[in-house]
Structure formats: C-alpha cells, structure tokens
Amino acid sequence: MQMNREELAQLMADSAENAIETTKDEFHLELDGSPESIALVDDVILSWIEKYKDQALEDNAVFTICNIYGAYVGEIFRHLVGGNWHYDETDPDAPYVVLEYAGKSYAFAGICYQRLVNDSQISIKNYFDQALGNNAQ
C-alpha cells in the first residue's frame, strides 16, 4: 500500500475522528481530544470485550479497534508535541503505522493491541505519558 505523507496523515486524522464517533455511538462516552481523555481509551478498549465478547477479538475487529484508538492517541501526541505518521512495511506480511518524532517511533495502535488482546493491565495512558516524558523540554 503506497501512501504519501499527506494521505497517511489524513487517514490517521480520519481514524481518530472515527474513534470519537464510534465511542459516542457504542458507549455514550465523549472523547474530547485532550490528553486526559486517554485514560478513557483504556476503559473503552476493554468495554469492547464486555459488550461484544469474542466478536471483539476477531481479526477484523481487533484491527479496527486498535487502529482507530491508536490514531486517536497518536493525534493527541502529534498536536501536543509533533511528529509524522509512518507506514512501516519492513515485514510485508505485517505492516503497521507508527508516529515518528525526534528519532523515536511510537506504536500507539500496538499498545492498544497489547491491552485488548494480551494484557488488560497494560495502560495506554501510561504509554502516552511516557512518550510525552521522553520529549519534555
């Protein structure tokens, strides 16, 4: 999948907006684009499993959930600190999107995946805060 930087940035902004709308529709919760709202993403990720059980863990659902919330968290980071989205095709069988800033890559969708699929104790908010801390002036 070839996308230029502007197309990828638009896709991620649209995906973040999708997270806001989907969260409102599915859970009647407001994601307001603030850093504080990321704590709510931690809850919402697990709410998908509570509401849809095993369906939330099917491949297509996992992909969508992790990517829209990863985009949401990444867009907040990007607006606060900066950075550019990068589509990494190093492994053609498992391409992924990261946010690159100051020589580091942040896998916001990846941390959403870890919380949803592997370990409900992993905190997206803590990952975000650590990423911010890495770039504090």
Student: CD1 of I68 to CE of M12: how many Å apart, nearest 0.5 Å?
Tutor: 11.0 Å

Student: Does a side-chain heavy-atom distance below 4.5 Å link F27 with D43?
Tutor: no

Student: Counting only heavy atoms not in N118, do more than 12 fall under 6.0 Å of its CG?
Tutor: yes

Student: Yes or no on side chain to side chain contact (heavy atoms under 4.5 Å, CB included) for Y52 and I65, after CA distance, side-chain angles and deciding distance?
Tutor: CA-CA 12 Å; Y52 291 101; I65 292 167; over 6 Å; no

Student: Measuring from atom CG of N84 to atom CD of E6, what distance do you get when rounded to the nearest 0.5 angstrom?
Tutor: 9.0 Å

Student: Applying salt bridge (Lys or Arg N to Asp or Glu O under 4.0 Å), name anything that partners D129, two or more places apart in sequence or on another chain.
Tutor: K125

Student: Is it true that Y72 and S37 share a donor-acceptor pair across their side chains at a distance under 3.5 Å?
Tutor: yes

Student: For S120 and R115, work out which heavy atoms get closest and say how close.
Tutor: O-NH1, 2.5 Å

Student: Considering all heavy atoms of both residues, which atom of G74 and which atom of L99 are nearest to each other, and what is their separation?
Tutor: O-CD2, 3.6 Å

Student: Does D59 reach the side chain of F63, with side-chain heavy atoms less than 4.5 Å apart?
Tutor: no

Student: Can you name the closest pair of heavy atoms from I76 and S34 and give their distance?
Tutor: CD1-O, 3.5 Å

Student: Checking side-chain polar atoms at under 3.5 Å, does N134 have a donor or acceptor matched by the opposite partner on Q130?
Tutor: no

Student: Each residue besides V98 in its hydrophobic cluster should be listed here, by chain and number; the cluster joins Ile, Leu, Val, Met, Phe, Trp and Tyr at side-chain heavy-atom distances under 4.5 Å.
Tutor: Y96

Student: Please report the shortest heavy-atom distance between I111 and S123, naming the atom on each side.
Tutor: CG1-O, 4.5 Å

Student: With heavy-atom distances below 4.5 Å as the criterion, would you say the side chains of C112 and I124 are in contact?
Tutor: yes

Student: About how many Å separate CG of L46 and CG of D42, when rounded to the nearest 0.5 Å?
Tutor: 7.5 Å

Student: Does the side chain of Y69 reach to within under 4.5 Å of the side chain of T23, using non-hydrogen atoms?
Tutor: yes

Student: Verify side chain to side chain contact (heavy atoms under 4.5 Å, CB included) between T64 and W48, making sure each step is shown before the conclusion.
Tutor: CA-CA 11 Å; T64 300; W48 283 99; over 6 Å; no

Student: What pair of heavy atoms forms the shortest contact from A56 to V62, and how long is it?
Tutor: O-CG2, 3.5 Å

Student: Could you note down all residue pairs passing salt bridge (Lys or Arg N to Asp or Glu O under 4.0 Å) where residues 26-41 supplies at least one of them, sequence neighbours left out?
Tutor: K24-E30, E26-K51

Student: Does L8 reach the side chain of L11, with side-chain heavy atoms less than 4.5 Å apart?
Tutor: yes

Student: So, do Q121 and D119 sit near enough that their side-chain heavy atoms are less than 4.5 Å apart?
Tutor: yes

Student: Can you tell me how far apart OG1 (T22) and CD (E17) are? Round to the nearest 0.5 Å.
Tutor: 9.5 Å

Student: Any idea which heavy atoms bring C66 and L116 closest together, and the distance?
Tutor: SG-CD2, 4.0 Å

Student: Assess the residue pair Y127 and F108 against the criterion (ring pair (Phe, Tyr, Trp, His ring centres under 6.0 Å)); give the C-alpha distance rounded to whole Å, side-chain angles, the decisive distance to 0.1 Å, and a yes or no.
Tutor: CA-CA 8 Å; Y127 182 87; F108 292 112; 5.6 Å; yes

Student: Starting at OH of Y113, measure out to CD1 of I122 and round the result to the nearest 0.5 Å.
Tutor: 11.0 Å

Student: Just by distance, no angles: are the side chains of W85 and E7 close enough, under 3.5 Å, to form a donor-acceptor pair?
Tutor: no

